[in-house]
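These notes concern the structure reproduced below.
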Amino acid sequence: MKKLSVVGNWKMNLTLEEARNLAIRLSNEAVNLEDKVDVGVCPPFVFLKDVCDILKDSKICVGAQNMNAERSGAYTGEISGAMIKEIGCSLVILGHSERRTIFHESNSLVNAKLHTALTYDFNTILCVGESLEERETERTEEVVGIQLSESLKGVTKGQVRKLIIAYEPVWAIGTGKTASPEQANCVHSFIRNILKNQFGEAAQGVRIQYGGSVNSKNAKELLSQPEIDGALVGGASLDFESFFSIISDALKIEKSS
Ligand code: 13P
């Protein structure tokens, strides 16, 4: 059976107290989680240590929303993989569209970060996705194909077990507009084929999450699609009830690998 993966990306939200309270509620409920779904949360950097400590002995893993490609040095304002590893993170999100568009991260920078993340043995979520204009001009496959091939350059078959791809159409992020389950599944199949070309059979084990306005109402249908192996949840992961409802939906879905 393939384990689904549901990860909350808290982005730049919550106060420390809210973050701690959310983590405590998740920790209490996680006791009842079967080992069927991998669950993670990615708080802002300054809350990571508190959240890691709260979730340390739970089934929920904690990750960062970004990291620097370098190991250490004169990079004012940046955070290294070693730092987030040391405080207990096992997960990192790379190449989120907000990093790509607002902070001008290129595929080659994402590729450098990815290699560093894999050397630290992080479960690494690589985000890809097209803008509205790219979808409307039927360039989705071209754009996602380039993002994947350039961001995954040099990654070996042996490393893919640590890799998760998140397909996040930019037009669906924070807009309330979700890709239809069929639209998402179609791009996920395309992504799977690209992964197969690069990694052969090992590609079958890579989870492909969908992200973009996932909530407690649409999660079940999205997660039921054959090629959707999880969700990267933004806004709905800030509220315990809605995030846990998405996790509960994932728990009910059986997928063969
Ligand atoms: P929303 O779920 O708020 O649309 O955000 C999706 C996302 O960007 C997760 O990384």
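Note that the coordinates shown come from a computational prediction; the quantities given were computed from them, not determined experimentally. Note that ligands are numbered from 1 as they come in the structure, with each ligand's atoms numbered from 1 the same way. Sequential numbering from 1 along the given sequence is applied to the chain's residues. Below, each value reflects all heavy atoms present in this structure, side chains not excepted, and no hydrogens, waters or symmetry copies.
Contacts between Ala172 and ligand 1, counted as non-hydrogen atom pairs separated by less than 4.0 Å, involve the backbone only. At a heavy-atom cutoff of 4.0 Å, ligand 1 is contacted by both the backbone and the side chain of Ile173.
In this structure, Gly211 has no heavy atom closer than 4.0 Å to ligand 1.
A salt bridge between Lys157 and Glu201 is absent, with no side-chain N of the basic residue lying under 4.0 Å from a carboxylate O of the acidic one. Asp38 and Arg207 are joined by a salt bridge, as a carboxylate oxygen and a charged side-chain nitrogen come within less than 4.0 angstrom of each other. Using a cutoff of 4.0 Å between basic side-chain nitrogens and carboxylate oxygens, Glu105 and Arg100 are not scored as salt-bridged. Checked for salt-bridge contact, Glu241 and Arg25 meet the test: a charged N lies under 4.0 Å from a carboxylate O. Between Arg192 and Asp229 there is a salt bridge, since at least one side-chain N of the basic residue sits less than 4.0 Å from a carboxylate O of the acidic one.
Numbered from 1 in the order shown, with element, the atoms of ligand 1 that lie under 4.0 Å from a heavy atom of Asn9 read 9 (C), 10 (O). For ligand 1, the atoms sitting less than 4.0 Å from at least one non-hydrogen atom of Gly235 are 1 (P), 2 (O), 3 (O), numbered in the order shown with element in parentheses. Close approach of ligand 1 to Lys11 (heavy-atom distance below 4.0 Å) involves ligand atoms 5 (O), 6 (C), 7 (C), 8 (O). Shown in contact with Leu232 at under 4.0 Å from a heavy atom are these atoms of ligand 1, numbered in order with element: 9 (C), 10 (O). The contact set between ligand 1 and Ser213, taken as ligand atoms under 4.0 Å from a residue heavy atom, comprises 1 (P), 2 (O), 4 (O). Of all the atoms in ligand 1, the ones that sit under 4.0 Å from a non-hydrogen atom of Gly212 are 4 (O), 6 (C).
Heavy-atom neighbours of Gln204 CD from other residues, nucleotides or ligands within 6.0 Å: above the threshold of 12.
Relative to atom 4 (O) of ligand 1, the option among Gly234, Gly174, Gly8 with the closest non-hydrogen atom is Gly174. The option with the heavy atom closest to atom 6 (C) of ligand 1, from among Gln65, His96, Glu168, is Glu168.
Lys85 places a side-chain N or O within 3.5 Å of a backbone atom of Tyr120 that can act as its donor or acceptor partner.
Aromatic ring pairs are classed by plane angle as parallel below 30°, tilted from 30° to 60° and perpendicular above 60°; the pair His188 and Tyr167 is perpendicular.
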